[in-house]
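So the structure is just underneath, and the comments pick up after that.
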Amino acid sequence: MDAEKALEPGAPLLYEEWGDNLIYHGDAKFGDVEGAFARADLVVEGTLVSNRHSPTPMEPRAITAHYDPVKGMFTIWVTTQFPHVFKTYISQVLKFPEDKIRVIAKRVGGGYGPKSHVYPDDVAVLQLALKLKRPVKWVETRTENLQVTGHARDWKIYYRGAFSRDGKVLAVSIKGIADFGVYGPFWTEIQPALVAQAQAPGPYKMQGYEFDLYCVTTNKAPYAAHRGFGRPTGSLVMERIMDGAARRLGLDPVEIRRRNLIGPNEMPYRQVTNIVYDSGDYPKALETALRSFDYQGWRRKQEELRRQGRYVGIGVSTYVEYSAPSSKRLSEGLGWKVGGYDMVRLRVEPTGKVKFFTGQSTQGMSHETIFAQIVAEELQVHVDDVTVVEGDTEDTPYSYGAWASRATVVVGGAAVKASRMIRDKMIKIAAFNLGVEPSDVDVARGWFYVKFDPLKRMPFSEVARIAYQEVHRIPMDLEPGLEVVTTYEPQVYTTASTAWHFVVVEVDPETGKVDILKYYVLEDAGISVNPMTMHGQTHGAVAHEIGGVMYEELRYDENGNLLNSTFVDYLVPTALEVPNIEVEHIETPSPQLGGWKGMGEGGSIGAPPALFGAIEDALSPLGVKLDRAPLNPENILRAIRASGAS
Amino acid sequence: MRPAPFEYYAPTSVEDALRLLEEKEGAKLLAGGQSLLALMKLRLLAPPALIDLNRIGGLRYVREDGNGWISIGAMTLYDELEQSPLIRTRYPAMHEALYRLGDQQVRNRGTIGGSLAHADPSANLPPVMVALKAQLVAARRGGERRTIPADEFFLDAFTTALEPDREMLVEVRLPPWPPGSGGTYMKLSKREIDFSIVEVAAQMSVDGDGRVKESRVVLGSVATRPYRATAAENVLSGSVVDDALAAKAAEAGTKDLEPPSDVQASSWYRKEVAKVLVKRAILRAWKRARGVEQ
């Protein structure tokens, strides 16, 4: 039940044929690590234990399968984040022709990662349906969901950071032991652990970086994709190192971060890990956040409250969330048979109404709104005239699904591309009918008009009707109809969002209980399509990891029984525990179509280190160091006692 | 999760409910259902029959009797009690316990009688009842009534002095505390809506100089039944309370505790927090008794 002990010689073996309990061991070294540590004025060392927890989507998993022997069609309704990938995989596993499988995933009640897997129980349902030739339905209970679905973040980490006297980070070295439980399910397997290691350097410049990664099998549930996908763990370690160095050097935690940031003029930046960030202005984001949050004001207030005997602390964290990875990163870099592109279909109907088809499925990320907005803006039609169709493999193009905060970037980019293809064609048709050159025509607010004579114009819907119904009014070189299929993939290695989280907490030093007094997030995910849904995602993700780092912990007894498998004892924070979260957004566009960057997971990356830092800062008069999540009252009180204070 | 099959009865009088309780072996009385139904859904309980008390009239009230006692019908909802000005002004400890009980949905359905008869060692109200010296009225068939002091009512985890299959709780009676009395309820839980990790109810009366005449300090979640910290009460007796005395009383009152460990907290942590909460509760109860704090 303990991954570190499972590595010891003579440990009982989970799979005897392996000879050990290692799913994966890999190390990598970038730059001059030894040299940096040799030159360092300060080496910060420590351990970190992070707690296994669950993403608890509102809707647990569910699957219904129906095999129709007459048509030979196998129809599957399933709560998946990737209907097309599900279809491909199931076809391979069941040796069933892929063209006879239809996967439907409409309006799934929350994903957060674990629904981008295919689980053995899914396959069992499918086999049963094929065998019985009757519809078979299975709905996961909450207890089953907590027992097996989406466990992650179960790590023990040993870290070292080399610093110069003036607070520059020279190199970082991480040894990570990830408890993968019985296995890592299709299709992410050990990827979240690799991502955690790649995540750590974040927005900081450093000469050397190395990691040593052990993915260990134990008698716990499988380690799954879970909002952030390893990034929360990687950034938590890095930010703990920064906080530790700041304390040792007597620097403000903001100042030490400021001194190490990659500058805007260095973009695109090849990080020490060889991941290339497309864009970003980290110093500007920091300075904006400091002003809005009123950092100096809070530091003064903290002094004042400390004099009154109150234990108030301020935490800060930052990260780079590399989102929407490219094919180069996925298939070439990670060796995964996965594309970084997505494919869409766009149709302007004879009435002028627009339908946008994507093979994505939505789990509440407001695809219906933002894709419609993007298409409406490009075509200059009203957003209500655009319908987004998704979640059914039968009527949508192939898609790799919704994960890695990629949908806006990749599908949004494809939407722009498809819209422009149709718009150009409609401009040609309009120009033909208005008797001018296509270059003289533009479209605005539902009208195609002549640029030098705007009163000469045709309604959008009229051009659409002509395209279908009056072929003689279409230029000879054009086909009738208005429908395109196209793919898009960002022409950058990865889009790189960033954020700064600032949190103020008060700790009861006698009980270890924490109150969050203020929570502020500055997010830069490039151009914002819809600030309201974007802020909603940030709120959700911050709440998600306030839960993960303070309240939620999947605990097993020594016999491998999960001790908390209901919402009575697995504690997801409620509205009473989650504070008001202020979100501000600045825009440093990505240098590619749309300028967007993914951000759906970001809040869950920033929250854990900010809370660690804030609680430690609150208790700094007692000299308390925190190295274990969850930051629940008992663990905090133990840390207080361990510091020697009573 | 689904409960196992069960028979359902909805009597309209206490007498009928008691008759059914006697006749149907293993039957459970259903009040607000906030514990019972959850346990049945998890199949931790599978009673063959439920006797629903919600259609019995005349068990939902809060009223002041002539002699200063307050009587509460067993089927009175937490929410109704929380809203009651009588409870809030006369028994702030009870008001605080109700205010911090579950969430609004639970308070809209849960009943005082259901909670006390269920006797969960972590429930909010049992320690308060002991601290306030409540009297609990049990009914038997034929209109017979028996009054049980709260001290003697809670026997063990989920076990009360009610005679199985023969008695049901119909009323809670709270005695008047003299002028110069005050009390409080404090709990520590990870989330506000959770059962407590530790909870304390403290009630005391003081003389004109602030010396403690009588006090009751009762903990929950630390034993299988409400734990009266008599050692703390003895320290307080006859003294004016200050920080040092409260700490001394807390130390004495929690010294012999051997709280349980579970998935939410260890025994060690419960004992540490018990000490802190007892100290704080004593201070606040005393200040309220002195009228220097609300």
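Just so it is clear: chains get the letters A, B, ... in the order the sequence lines come, proteins before strands, and each one is counted from 1. In what follows, every heavy atom counts, from backbone to side chain, and hydrogens, waters and symmetry copies are set aside. All of these numbers come straight from a predicted model, not from anything done at the bench.
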Residue K518(A) excluded, over 12 heavy atoms near NZ under 6.0 Å: yes
Which atoms of Y556(A) approach chain B - backbone, side chain, both or neither, heavy atom under 4.5 Å: neither
Any salt bridge linking R280(B) with D508(A)? Criterion: basic side-chain nitrogen under 4.0 Å from a carboxylate oxygen. yes
Within a strict 4.5 Å, meaning less than it, do heavy atoms of the F195(B) and D569(A) side chains meet? no
What part of L571(A) gets within 4.5 angstrom of chain B, counting heavy atoms only: side chain, backbone, both, or neither? both
Using modelled atom types only, decide if a donor and an acceptor are shared between the side chain of Y269(B) and the backbone of N635(A) within a distance under 3.5 Å. no
Within a reach of under 6.0 Å around CD of E258(B), are more than 12 heavy atoms found that belong to other residues, nucleotides or ligands? no
Of the listed K513(A), M550(A), R142(A), E553(A), the one with the largest count of heavy-atom pairs under 4.5 Å with chain B is K513(A)
Applying a strict 4.5 Å limit to non-hydrogen atoms, the region of E510(A) in contact with chain B is both
For P573(A), is it the side chain, the backbone, both or neither that has a heavy atom under 4.5 Å from a heavy atom of chain B? backbone
Using heavy atoms and a sub-4.5 Å threshold, report which of residues 92-110 of chain B line up against chain A, by residue number. none
P633(A) and K190(B) have their tightest heavy-atom pair at CD-CG, 4.3 Å
Closest-packed option against chain B by number of heavy-atom pairs under 4.5 Å, given V514(A), V572(A), T566(A): V572(A)
Tabulate, in ascending numerical order, the residues of residues 52-62 of chain A having at least one heavy atom closer than 4.5 Å to a heavy atom of chain B, or enter 'none'. none
Using side-chain hydrogen bond (donor to acceptor under 3.5 Å, both in side chains) as the criterion, list what pairs up with Y519(A), not counting sequence neighbours. H501(A)
Who pairs with D515(A) by side-chain hydrogen bond (donor to acceptor under 3.5 Å, both in side chains), at least two apart in sequence or on another chain? none
Interchain contact, V263(B) with chain A, by part (heavy-atom threshold 4.5 Å): both
Under 4.5 Å from a heavy atom of chain B, the part of R638(A) involved: both
NZ on K275(B) to OG1 on T511(A), rounded to 0.5 Å: 13.5 Å
If every non-hydrogen atom of V568(A) is compared with every non-hydrogen atom of Q264(B), which pair is closest and at what distance? O-NE2, 4.4 Å
Side chains of S266(B) and E634(A): is there a donor and an acceptor less than 3.5 Å apart? yes
Could you tell me which portion of N632(A) (side chain, backbone, both or neither) has an atom closer than 4.5 angstrom to a non-hydrogen atom of chain B? side chain
Judged by atom type as modelled, is there a donor-acceptor pair below 3.5 Å linking the side chain of E192(B) to the main-chain atoms of E577(A)? no
Closest heavy-atom contact between R191(B) and Y551(A)? CG-CD2, 3.8 Å
